[in-house]
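Chain letters run A, B, ... following the sequence lines, proteins first, then strands; residues in each count from 1. Treat the numbers as computed from the prediction; the structure is a model and nothing was measured.
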Amino acid sequence: GNSVTQMEGPVTLSEEAFLTINCTYTATGYPSLFWYVQYPGEGLQLLLKATKADDKGSNKGFEATYRKETTSFHLEKGSVQVSDSAVYFCALVRTGNQFYFGTGTSLTVIP
Amino acid sequence: GAGVSQSPRYKVAKRGQDVALRCDPISGHVSLFWYQQALGQGPEFLTYFQNEAQLDKSGLPSDRFFAERPEGSVSTLKIQRTQQEDSAVYLCASSLATEKREQFFGPGTRLTVL
């Protein structure tokens with residue numbers, strides 16, 4: 001079946017530290033991959049996406065590369081800010097429109 | 001409005017009561033989805049509409065859950081005879097019709113069943 005496995009949190013980093021949140025997936029065929037972010041008290045927002053192997057999605061300094069050989073889509077940012085504190089969800093969609101989400105990784109950035 | 005809206009934002013129900021949760025999708029979005037998000041978990045798919053047609057309801061946990069979208073716009077998720085295990089955040093999302101497109105999420109309705 002289709003599933004997403006995310007690195008467990010919570011993650012606490014100092015401002016300007018390097019961030020990696022691991023995400024691996026299981027799916028047949030060629031899914032599209034997404035990272036969504038949920039800020040406190042808000043709904044999920046799309047952060048970035050990639051639709052085929054070797055694509056790199058990027059937004060707001062965050063990046064993730066679709067690696068078919070390792071079935072991974074790890075999220076990275078070179079220098080986190082306090083405003084990046086949120087919960088991050090990795091997700092995939094294969095055929096149709098049904099999304100499969102990971103369990104989420106909570107990030108807290110301290111000044 | 002510009003985004004997906006949901007109401008109410010919070011709902012407290014006594015066990016056995018019926019509840020109705022409303023979703024207003026982004027204007028022009030053909031596809032509408034409902035998800036259930038338990039505490040500390042990711043959203044889990046419940047059901048999917050394309051216009052007024054419910055194309056997939058495989059995620060509905062029991063026959064107490066019912067969703068409709070009669071005019072292809074606003075949708076209502078109804079839970080009959082609520083149970084404590086129904087306590088969760090219910091998320092609505094909408095998207096353009098094309099497959100694998102980004103979904104835009106509403107803020108959710110937090111349901112607490114006492």
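Here the CG-OH distance, from L92(A) to Y66(A), works out to 8.5 Å after rounding to the nearest 0.5 Å. To the nearest 0.5 Å, atom SG of residue C23(A) and atom CE of residue M7(A) are 11.5 Å apart.
Neither the backbone nor the side chain of Y100(A) comes within contact range of chain B, judged by heavy atoms closer than 4.5 Å. Of the two parts of Q45(A), neither the backbone nor the side chain holds a non-hydrogen atom closer than 4.5 Å to a non-hydrogen atom of chain B. L55(B) does not touch chain A: none of its heavy atoms, backbone or side chain, sits under 4.5 Å away. Of the atoms belonging to E44(B), not a single heavy atom falls under 4.5 Å from chain A.
Considering every non-hydrogen atom in both G28(B) and L96(B), the closest pair reads O-CD2, 4.4 Å.
Between F33(B) and Y48(B), the ring planes are parallel. Angles under 30° get that label, and only those over 60° would be called perpendicular.
By number of non-hydrogen pairs under 4.5 angstrom with chain A, the leading residue of G106(B), P43(B), P107(B) is P43(B).
Residues D54(A) and K52(A) are not paired through a salt bridge, judged by the lack of any N-O separation under 4.0 Å between the basic side chain and the carboxylate.
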